[in-house]
Visitor: 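Take this structure, written in structure tokens, and hold onto it; I'll ask about it next.
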Amino acid sequence: MTTTAGVVGLGTSAFAGQVSAADEEPKRTLTIEATGSSADYRFSVDGKVVRSQAMGATIGGDDVSGNSVDGHVAGSGRDSYTLSGELTSFDVDGDIRMYLNGEPLSDTVTIEDDPEGEATHYELRVDGEVLKSTAMAATIDENDEISPRDHPDEVEPLTSAEPLAGETYALGQVNNGTDSYVISGDITGFHADGRVDLYVNEGKVDYPAQFVRTTLTFESTNGDHATYEFSTSGDISKSRAMGASISDSDTAGDGGASGAVGGNGRDSYAFTGEITDFAGDDNLRVFLSREEVDKSTLAAEPQFENTVTIEGNGGETEYRFSVEGSLEENYGLGPEDDLDGETADGAVTSGQDSYTFSGDISTFSTRGNGSFTTYLNGNEVDPETLGHVRTGPDPDTLPNEVTVRALTDARTEYSFGVSGTLATGDRSNTYSGDNAAYEYARGWVSGGGLDSYMFSGEVTTVTDFENSQVNVDREDQTISIEDFDSDGVTEYEIVVSGELNTTSSSSEGNVSGRTATGAIADGTDVYEFTGDVRKIILEGVIMVESATSYPRVVDNPYPDSTVGELASEFALAPGGSRAAFTTNAIGDGDDLYIARGVASDGELPSEIQLVSEGIIAGVADLDWQDENTVTFWRDGFECEQTMVEPNVISKPIAVSEKPYPESDDGGEN
């Protein structure tokens with residue numbers, strides 16, 4: 001978005017208008033990002049708006065009053081808000097970018113009704129996020145419905161096309177009026193049961209059938225009768241693309257189509273998959289996706305012997321591959337896809353990008369956290385067989401894990417942000433829409449289900465989109481719980497690894513050790529804390545747990561030594577197969593380690609993990625109090641530390657001060 005009007009129709013009154021009830025609208029995260037220069041913005045919603053730290057945004061300096069926001073961004077700064085309902089106004093002075101649920105809003109889609117007709121129902125499918133807009137003087141009303149992202153089966157579509165993972169449906173009607181939406185991603189389908197005009201960024205789309213399906217159009221070169229017949233690996237339907245007419249004498253179905261054209265007429269078809277067979281008269285002219293092609297390239301003997309197709313199954317996947325021979329587009333490429341000589345670069349969320357080529361694939365790599373399927377010559381293949389390398393964040397290299405668990409049977413949407421790198425874990429379902437992008441993750445759980453993510457850095461925000469939001473401020477070491485549901489009471493529980501205290505602004509919360517519990521009603525509770533945030537429970541609907549494992553010692557200089565041969569001190573945990581020990585044989589000083597897989601000091605450990613850090617004088621006097629708690633002396637203090645399986649990191653707590661041992665001459669060592 002540049003200038004006040006912006007490329008997606010966000011101007012002084014871009015979202016102004018009558019809106020539907022906030023309780024019926026999803027709760028989403030809106031992020032505003034500066035593009036280098038400073039920008040002032042103002043917006044309002046018909047529901048509630050709460051500051052957020054999603055996507056690394058900062059909190060402070062922006063005025064939130066009721067359902068309105070007056071803010072400022074500069075440099076590379078970001079402001080984020082979790083909001084309910086629809087935007088009712090938006091005004092910006094300066095250059096900004098905007099994101100909805102972590103995805104960049106890039107285009108405006110507008111549906112305009114024929115004023116002479118009756119009410120027209122439409123179906124818009126997008127492989128990204130969708131937000132209602134009043135661009136091009138559109139109205140916003142209750143007749144228009146937006147499906148939850150990645151769960152389009154919650155709406156009743158107009159067509160029989162099966163929903164794709166990652167899609168959002170906008171279903172509505174226009175009657176002598178206009179509807180508009182701002183979107184991320186690409187349009188993956190459009191259908192209307194009457195006559196409407198479709199605009200993308202205020203440019204009229206002549207052939208709405210261009211979306212999703214590839215079109216094949218026929219006409220006669222000399223006006224004489226010309227016949228054709230073709231088949232595809234997908235489905236085929238008649239189309240009015242390029243002004244074609246639909247005739248009962250032409251046939252389409254079961255992967256095949258045949259017909260004839262003459263005079264000035266045209267026949268068009270929309271299809272998925274690949275053309276597998278083709279035959280046509282000499283006087284037949286052929287257009288593929290509105291571009292004239294040599295029909296000999298559509299014959300049963302293809303120009304290239306191989307095809308490769310990348311299909312998105314939810315979340316964005318960027319890809320790059322090269323071939324040893326020649327490479328051309330087969331179908332499905334969009335503006336974000338690029339073909340340069342023997343190399344293709346692109347991205348898929350849902351739908352397919354397909355290429356035809358000669359020779360072999362020499363390199364194939366992807367990045368991002370999306371789910372995808374690869375087809376070679378129409379057959380699904382393991383991308384590893386193509387030499388696949390994933391260049392994005394590798395979950396196995398990230399040290400921390402976040403799990404999100406459903407505590408009820410109801411579907412609960414959630415999001416959270418971190419200060420470092422984020423990737424979906426092995427228990428997230430990217431096909432159903434669990435997605436990690438930038439420093440922001442969003443998904444849903446139900447029926448006791450669990451999603452997992454791997455990350456670096458710290459958890460900065462957690463939202464359940466129904467009841468409350470938690471912001472973690474590392475600079476001030478505070479945790480704030482902010483209520484969404486003004487009609488009821490929101491209960492919560494927070495657990496940290498260090499100390500936890502209430503503040504003067506937290507009147508209802510109760511602290512017991514490392515745990516805080518409370519209930520808020522249209523307000524905010526704030527706590528001061530140390531250590532890491534370990535658990536967040538919101539309203540009994542989701543539980544978010546963060547865990548960090550102790551680092552493994554992979555460069556032990558004595559890999560064949562028993563624990564007893566390494567240890568300065570050794571203490572076996574009661575009732576377990578692990579031990580605490582100190583040694584200076586691995587590091588520079590007497591650090592504290594955990595040896596796993598040992599029942600005595602005469603055994604080789606299966607794994608060694610470093611527990612202490614920043615040691616000055618060393619660690620001594622090891623003693624287990626129970627199977628999970630060890631006490632020790634460290635740098636002038638008696639300490640205790642909890643070692644909970646599977647050795648999740650917790651910080652030592654200084655119980656009492658114990659001076660350094662005195663030397664023989666009476667001075668301190």
Side-chain angles (χ1 to χ4, degrees), residues 394 396-401 420-421 454-458 497-498 530-532 534 546-574 576-663 667-669:
D394 182 356
D396 293 337
T397 66
L398 299 175
N400 309 330
E401 182 180 34
T421 303
M454 302 303 296
F455 73 100
S456 62
E458 308 284 351
S497 64
T530 61
D532 301 319
R534 288 285 175 238
S546 174
T548 304
S549 297
Y550 294 111
R552 296 177 58 204
V553 176
V554 295
D555 55 352
N556 177 12
Y558 307 103
D560 297 327
S561 298
T562 66
V563 181
E565 292 169 334
L566 291 172
S568 302
E569 284 192 53
F570 172 86
L572 187 67
S577 59
R578 58 181 174 158
F581 72 99
T582 64
T583 183
N584 56 18
I586 298 175
D588 295 332
D590 272 330
D591 280 317
L592 179 60
Y593 297 86
I594 291 291
R596 304 190 69 181
V598 296
S600 71
D601 60 359
E603 295 181 327
L604 287 171
S606 61
E607 184 176 274
I608 296 176
Q609 293 175 305
L610 176 63
V611 175
S612 60
E613 59 182 0
I615 296 297
I616 300 174
V619 177
D621 299 335
L622 301 182
D623 186 25
W624 288 86
Q625 300 303 302
D626 54 47
E627 62 181 0
N628 287 320
T629 303
V630 63
T631 60
F632 51 89
W633 177 91
R634 168 185 171 166
D635 296 339
F637 291 90
E638 292 281 4
C639 301
E640 70 175 31
Q641 191 163 347
T642 302
M643 312 286 185
V644 179
E645 291 284 6
N647 286 333
V648 173
I649 283 182
S650 63
K651 304 297 183 182
I653 297 175
V655 177
S656 61
E657 188 172 3
K658 182 179 180 180
Y660 288 69
E662 293 185 353
S663 63
E668 287 191 348
N669 290 325

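Hydrogens, waters and symmetry mates play no part in the numbers below; they use all other heavy atoms, side chains included.
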Visitor: Is it the case that Gln625 and Thr631 place a side-chain donor and acceptor less than 3.5 Å from each other?
Guide: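 Side-chain D/A pair, Gln625 to Thr631: present.
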Visitor: Indicate the atoms forming the closest heavy-atom contact of Val563 with Pro605, along with that distance.
Guide: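 Where Val563 meets Pro605 most closely, the heavy atoms are CG2-CD, 3.9 Å.
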Visitor: Which heavy atom of Arg534 sits nearest to which heavy atom of Ala547, and what is that distance?
Guide: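 Looking at all heavy atoms of both residues, the shortest contact is NH1-CA, 4.0 Å.
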Visitor: Considering all heavy atoms of both residues, which atom of Val553 and which atom of Leu610 are nearest to each other, and what is their separation?
Guide: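 Minimum heavy-atom separation between Val553 and Leu610: CG2-N, 4.0 Å.
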Visitor: Counting N and O atoms only, with roles assigned by atom type, does the side chain of Thr582 sit under 3.5 Å from a partner on the main chain of Glu569, one being a donor and the other an acceptor?
Guide: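 Flag set: sc Thr582 to bb Glu569 pair under 3.5 Å.
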Visitor: List the atom of Trp633, the atom of Gly618, and the distance in Å for their closest heavy-atom pair.
Guide: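 Heavy atoms of Trp633 and Gly618 come nearest at CZ3-O, 3.7 Å.
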Visitor: Would you mind reporting whether Thr562 and Val598 have side-chain heavy atoms less than 4.5 Å apart?
Guide: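 Of all side-chain heavy-atom pairs linking Thr562 with Val598, none is under 4.5 Å.
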Visitor: Rounded to the nearest 0.5 Å, how far does CG of Asp591 lie from OG1 of Thr583?
Guide: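 Output value for this atom pair is 9.0 Å.
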Visitor: Please step through side chain to side chain contact (heavy atoms under 4.5 Å, CB included) for the pair Val630 and Val611, ending with a clear verdict.
Guide: CA-CA 12 Å; Val630 63; Val611 175; over 6 Å; no
Visitor: Between Asp635 and Ala617, is there a donor-acceptor pair closer than 3.5 Å when you use the side chain of the first and the backbone of the second?
Guide: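 Checked: pair present.
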Visitor: Quick one: ring pair (Phe, Tyr, Trp, His ring centres under 6.0 Å) pairs with a partner in residues 584-617, sequence neighbours left out?
Guide: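 Sorted result for residues 584-617: Phe581-Tyr593.
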Visitor: Do side-chain atoms of Trp624 reach the backbone of Ala571 as a donor and acceptor pair under 3.5 angstrom?
Guide: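 Such a contact is found between Trp624 side chain and Ala571 backbone.
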Visitor: To the nearest 0.5 Å, what is the distance between CD (Glu657) and CZ (Phe637)?
Guide: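 It is 4.5 Å, given to the nearest 0.5 Å.
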Visitor: Look at the side chain of Asn400 and the backbone N and O of Glu458, then say whether any donor-acceptor pair between them is shorter than 3.5 Å.
Guide: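 Checking the backbone N and O of Glu458 against the side chain of Asn400, no donor-acceptor pair under 3.5 Å is found.
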Visitor: Rounded to the nearest 0.5 Å, how far apart are CD1 of Ile594 and OH of Tyr550?
Guide: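 Nearest 0.5 Å value for the CD1-OH distance: 7.0 Å.
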Visitor: Is it true that the side chains of Thr642 and Asn628 contain a donor and an acceptor less than 3.5 Å apart?
Guide: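 No, because no side-chain N or O of Thr642 sits under 3.5 Å from a partner of the opposite role on Asn628.
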Visitor: Check whether any side-chain N or O of Ser497 sits under 3.5 Å from a backbone N or O of Asp532 as a donor-acceptor pair, and report yes or no.
Guide: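 Yes.
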Visitor: Search all heavy atoms of Leu604 against all heavy atoms of Pro559 and return the closest pair with its distance.
Guide: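 Nearest pair, atom of Leu604 first, then Pro559: CD2-O, 4.0 Å.
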Visitor: Got a donor-acceptor contact below 3.5 angstrom from the Glu603 side chain to the Ala599 backbone?
Guide: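 Looks like yes, one N/O pair under 3.5 Å.
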Visitor: Is there a side-chain contact between Asp621 and Lys658 in this structure, where contact means two heavy atoms from C-beta onward sitting under 4.5 Å apart?
Guide: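 Heavy-atom side-chain distance check passes, below 4.5 Å.
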Visitor: Say you draw a straight line from CZ of Arg578 to CD of Glu607; how long is it, rounded to the nearest 0.5 Å?
Guide: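 The distance works out to 12.0 Å.
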Visitor: What are the two closest heavy atoms between Gly457 and Phe455, and how far apart are they?
Guide: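 Minimum heavy-atom separation between Gly457 and Phe455: O-CE1, 3.4 Å.
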Visitor: Roughly how far apart are Asp560 CG and Glu565 CD, rounded to 0.5 Å?
Guide: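 Taking CG in Asp560 and CD in Glu565, the distance rounds to 9.5 Å.
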Visitor: Is the backbone of Ser456 close enough, under 3.5 Å, to the side chain of Thr421 for a donor and an acceptor to pair up by distance?
Guide: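 Pair absent, no side-chain N/O of Thr421 close to backbone of Ser456.
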Visitor: So how far is it from Asn584 CG to Ile615 CD1, rounded to the nearest 0.5 Å?
Guide: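 Asn584 atom CG to Ile615 atom CD1 measures 13.0 Å (nearest 0.5 Å).
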